[in-house]
Amino acid sequence: MRLTGRAALLAASALASVVVLGPIIWALSTSLKSDNHIFAVPPRLIPDEPTLMHFQRLVAEGVQWSFLNSAFYTVVSVAFAVAVGGTAGYALVRYPVPAKRALLVLFMGVMSIPSYALLLPTQVIFVRLGIFDTRLALPILYAAHVIPFAVWMTRAHFATVPRELEQAALVDGYSRFEAVWKVIIPGARPALIAAAAFGFLYAWNDYITATTMVESPDLRTLPVALIFFQGFHGRDWGALMAGVVIATLPPIVLFLVYRRYLIGGFSEGSVKG
């Protein structure tokens, strides 16, 4: 029975690996093939003559600037959302905030509303404010989407931290800010990183918001820029797959570097929230 259970577990793991990693491996393989070999029959996973021509074409088309735009929008929105959400989460735990429960319910309600449902009225507001089609539009919207999640994640952690830790730091001569920064924040790292990862994935992979709020080619994000490689007479699969590989690398690196904090942060928020 034990051998049968292990075999079933290994088979399930192998199947899950194929389902998850298969598209990524195939995209990498296609990005390294010449145009003639992409449609070869039978298809081959390992290119006969690997080439970087599709990546070179992306650079020639200026896709690297769209990559930098996505990075800018993502970093700015995540940093702002985590800072504001973490501060709000701490305040909801440590201070007598009026209508605290109502605020938490409101945050949960905001998270349940699809952000795309509010794009058209938001676009009208942004046009009147003069920030439509600017570098401020996307970071504001991404941060607004992530802040409620960051509040819930950090609040779940701060609620488990004894007040005595802060009081001891204050007795040692720390200011309130120093006590929070040096005593509370280091322990909240998993929750903060989990909130940042959620915001990163949302902002980095967004397409609909970016196409609605940005029109100038110089402000396009990477997902929007890659769509232009779908021509009227057929898709440029080599360039598209090269773009997919480039777009997939940052999330993979993020997970590999912070996987320990991500697992701890999400499990902590789900159990203690």
Side-chain angles (χ1 to χ4, degrees), residues 20-35 38 47 50-83 115-116 119 123 126 131-146 193-231 234-259 261-262:
V20 174
L21 298 178
I24 299 176
I25 295 174
W26 189 256
L28 177 61
S29 173
T30 304
S31 69
L32 297 175
K33 296 177 182 178
S34 62
D35 291 331
I38 289 177
T51 177
L52 297 177
M53 59 179 294
H54 302 299
F55 292 93
Q56 293 171 348
R57 183 183 171 190
L58 290 179
V59 174
E61 294 288 341
V63 172
Q64 67 273 19
W65 303 116
S66 298
F67 180 94
L68 293 177
N69 286 337
S70 290
F72 172 79
Y73 300 144
T74 301
V75 171
V76 172
S77 60
V78 168
F80 181 79
V82 172
S115 59
Y116 305 137
L119 280 181
Q123 185 186 61
F126 277 26
I131 57 177
F132 173 76
D133 196 28
T134 67
R135 292 195 182 275
L136 290 177
L138 293 180
I140 291 175
L141 292 178
Y142 294 157
H145 182 80
V146 178
I193 292 179
F198 171 80
F200 177 89
L201 293 177
Y202 172 77
W204 183 261
N205 296 321
D206 171 72
Y207 171 77
I208 296 179
T209 304
T211 55
T212 305
M213 295 298 170
V214 170
E215 294 181 346
S216 301
D218 294 341
L219 303 179
R220 286 174 183 159
T221 61
L222 183 58
V224 176
L226 294 180
I227 291 298
F228 286 87
F229 287 92
Q230 300 188 67
R235 294 176 175 84
D236 188 345
W237 287 112
L240 277 174
M241 293 302 102
V244 168
V245 171
I246 294 174
T248 306
L249 283 178
I252 292 177
V253 172
L254 174 70
F255 176 78
L256 292 177
V257 174
Y258 295 106
R259 61 185 182 279
Y261 296 105
L262 291 175

Please state whether the rings of His145 and Phe198 are parallel, tilted or perpendicular, taking 30° and 60° as the class boundaries. parallel
Please examine the side chains of Pro139 and Phe80, heavy atoms only from C-beta on, and report whether any two atoms are closer than 4.5 Å. no
Heavy-atom closest pair (Val78 atom, Gly199 atom, distance to 0.1 Å) is CG2-C, 3.6 Å
Check Met213 against Gln123 and note the closest heavy-atom contact, atom names and distance. CE-N, 3.4 Å
Side chain Ser29, main chain Ile25, donor-acceptor under 3.5 Å: no
List the atom of Ser216, the atom of Asp133, and the distance in Å for their closest heavy-atom pair. OG-OD2, 2.7 Å
Do Tyr73 and Leu219 have side-chain heavy atoms sitting under 4.5 Å apart? yes
Spacing of Phe72 atom CZ and Thr221 atom OG1 [to the nearest 0.5 Å]: 13.5 Å
Give a yes or no on whether the backbone of Gly243 and the side-chain of His54 come within a donor-acceptor separation of less than 3.5 Å. no
For a 4.5 angstrom cut-off between non-hydrogen side-chain atoms, does Ile140 reach Ile131? yes
Which pair of non-hydrogen atoms, one from Phe200 and one from Pro250, has the smallest distance, and what is that distance? CZ-CB, 3.8 Å
Could you tell me whether the side chain of Phe55 reaches within less than 4.5 Å of the side chain of Ile246, counting heavy atoms only? yes
Drop me the distance from Leu141's CG to Thr209's OG1, to the nearest 0.5 angstrom. 6.5 Å
Are Leu136 and Phe126 packed together at the side-chain level, in the sense that at least one heavy-atom pair is separated by less than 4.5 angstrom? no
Taking the side chain as every heavy atom from C-beta outward, state whether Leu201 and Phe255 have any atom pair closer than 4.5 Å. no
Approximate separation, where rounding is to 0.5 Å, of Glu61 CD and Leu226 CG: 11.5 Å
When rounded to the nearest 0.5 angstrom, what is the spacing between OG in Ser31 and CG in Leu52? 8.5 Å
Backbone N/O of Ala71 and side chain of Thr74: donor-acceptor pair under 3.5 Å: no
Met241 side, atom CE; Trp26 side, atom CH2 - distance, nearest 0.5 Å: 11.0 Å
Say you draw a straight line from CG of Asn69 to CG of Leu138; how long is it, rounded to the nearest 0.5 Å? 9.0 Å
Is there a donor-acceptor pair under 3.5 Å between the side chain of Trp204 and the backbone N or O of Leu222? no
What I'd like to find out is whether the side chain of Asp35 reaches to under 4.5 Å of the side chain of Met53, using heavy atoms alone. yes
Kindly write out the residues that satisfy side chain to side chain contact (heavy atoms under 4.5 Å, CB included) with Leu68, not counting sequence neighbours, or none if the list is empty. Trp65
